[in-house]
Chemist: 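Mind having a look at this structure? Questions to follow.
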Amino acid sequence: DDIYPSLELGRYFGGDDEVKLSLSYSETVVRPTFYEFIPARILDLTNQRVFVGNRDLRETQAQNFDFGLTWKKEKNYAGVNVFHKIITDPIFTINDPSGIADRTFVNLGETEVSGVELEASYDLGSGFSITGNLSFIETDASPGVVRINRQVASAISRAAEGQPNLLGNLILSWESE
């Protein structure tokens, strides 16, 4: 069952194929890391917290839907993308209810991530260009019953852990011609 399909449909418009309309779907998986899975206490030196892995973790499965509209002219482009992800069994960290460690890892219900990304790049000349993107993101996580090293507990989270509502990049680059 390790088949993860993807499909992209695209269509170019305009005299020089300046505009592209695309629609894509994919399925992806994230497997627990050794650090998240091994039921041993580990000291995280960055934040001085003790974590314990959870041998009951399952793979995180995701369905990804994207719709994009991109305009391109010579070295310049601009685009808008709308995306939606349905994530099953995402891995979250929670306070360890056993008291063995500060935090542990669990699979928690289903999470949906939706948003809009704006992106653009402009050629400034003499090899310089400026590129940027800005994403507006919303998440919704449902509560669930979790298994932690063969014990059952309940957990709740309202948003995907570490997921910002706003994310952007701005890059000034130079390329030798």
Chemist: Considering all heavy atoms of both residues, which atom of Pro164 and which atom of Ile137 are nearest to each other, and what is their separation?
Modeler: O-CB, 3.6 Å
Chemist: Which value, rounded to the nearest 0.5 Å, describes the distance between Ile91 atom CD1 and Phe37 atom CZ?
Modeler: 10.5 Å
Chemist: Using the rule that two of Ile, Leu, Val, Met, Phe, Trp, Tyr join whenever any of their side-chain heavy atoms come within less than 4.5 Å, decide whether Leu57 and Ile42 are in one cluster.
Modeler: yes
Chemist: For a quick test of reading the model, state the closest non-hydrogen atom pair linking Asn76 to Asp123 and the distance between them.
Modeler: OD1-N, 2.6 Å
Chemist: Tell me whether the count of non-hydrogen atoms from other residues, nucleotides or ligands lying under 6.0 Å of CD in Glu138 goes above 12.
Modeler: no
Chemist: Which atom names give the shortest non-hydrogen contact between Asp16 and Lys73, and what distance separates them?
Modeler: OD2-NZ, 4.3 Å
Chemist: For Thr104 versus Pro97, what's the shortest heavy-atom pair and its separation?
Modeler: CG2-CD, 4.4 Å
Chemist: Between Phe105 and Phe51, how do the two ring planes meet: parallel, tilted or perpendicular, split at 30° and 60°?
Modeler: parallel
Chemist: With a 6.0 Å cut-off (strictly less than), is the heavy-atom count around CD of Glu74, excluding the residue itself, greater than 12?
Modeler: no
Chemist: How many angstroms lie between atom OG1 of Thr88 and atom CD of Glu59, to the nearest 0.5 angstrom?
Modeler: 11.5 Å
Chemist: Taking only Lys NZ, Arg NE, NH1 and NH2, and the carboxylate oxygens of Asp or Glu, determine whether Arg49 and Asp44 approach each other closer than 4.0 Å.
Modeler: no
Chemist: Would a single hydrophobic cluster contain both Trp71 and Leu118, if residues Ile, Leu, Val, Met, Phe, Trp and Tyr are joined by side-chain heavy-atom contacts under 4.5 Å?
Modeler: yes
Chemist: Under a single-linkage definition using a 4.5 Å side-chain heavy-atom cutoff for Ile, Leu, Val, Met, Phe, Trp and Tyr, are Tyr4 and Tyr25 assigned to the same hydrophobic cluster?
Modeler: no
Chemist: State whether a side-chain donor-acceptor pair under 3.5 Å links Glu119 with Asn81.
Modeler: yes
Chemist: Can you tell me how far the CG atom of Leu170 sits from the CG atom of Leu172, to the nearest 0.5 Å?
Modeler: 8.0 Å
Chemist: Check the surroundings of atom OH in Tyr122: do more than 12 heavy atoms from other residues, nucleotides or ligands lie under 6.0 Å from it?
Modeler: no
Chemist: Going by the side-chain contact (heavy atoms from CB on, under 4.5 Å) test, name the single residue among Asp102, Val106, Val52 that passes it with Asp96.
Modeler: Val52
Chemist: In sequence, state the C-alpha distance, the side-chain angles, and the governing distance for Glu18 and Lys72, and then conclude on salt bridge (charged side-chain N to carboxylate O under 4.0 Å, His left out).
Modeler: CA-CA 5 Å; Glu18 296 171 343; Lys72 184 174 183 180; over 6 Å; no
Chemist: Phe136 and Leu69: same hydrophobic cluster, using ILVMFWY side-chain contacts below 4.5 Å?
Modeler: yes
Chemist: What's the separation between atom OG in Ser6 and atom CD in Glu27, rounded to the nearest 0.5 Å?
Modeler: 9.5 Å
Chemist: When rounded to the nearest 0.5 angstrom, what is the spacing between CD in Glu8 and OG in Ser22?
Modeler: 5.5 Å
Chemist: Could you grab the distance from atom OG of Ser135 to atom CG of Asn165, nearest 0.5 Å is fine?
Modeler: 11.5 Å
Chemist: At their closest point, which heavy atom of Pro90 faces which heavy atom of Thr60, and how far apart are they?
Modeler: CA-OG1, 3.6 Å
Chemist: I need the minimum non-hydrogen distance between Val29 and Gln61, along with the two atoms involved.
Modeler: CG2-NE2, 3.8 Å
Chemist: Applying side chain to side chain donor-acceptor pair (under 3.5 Å) to Asn54 and Glu36, what does each step give before you reach the verdict?
Modeler: CA-CA 6 Å; Asn54 179 359; Glu36 294 167 336; over 6 Å; no
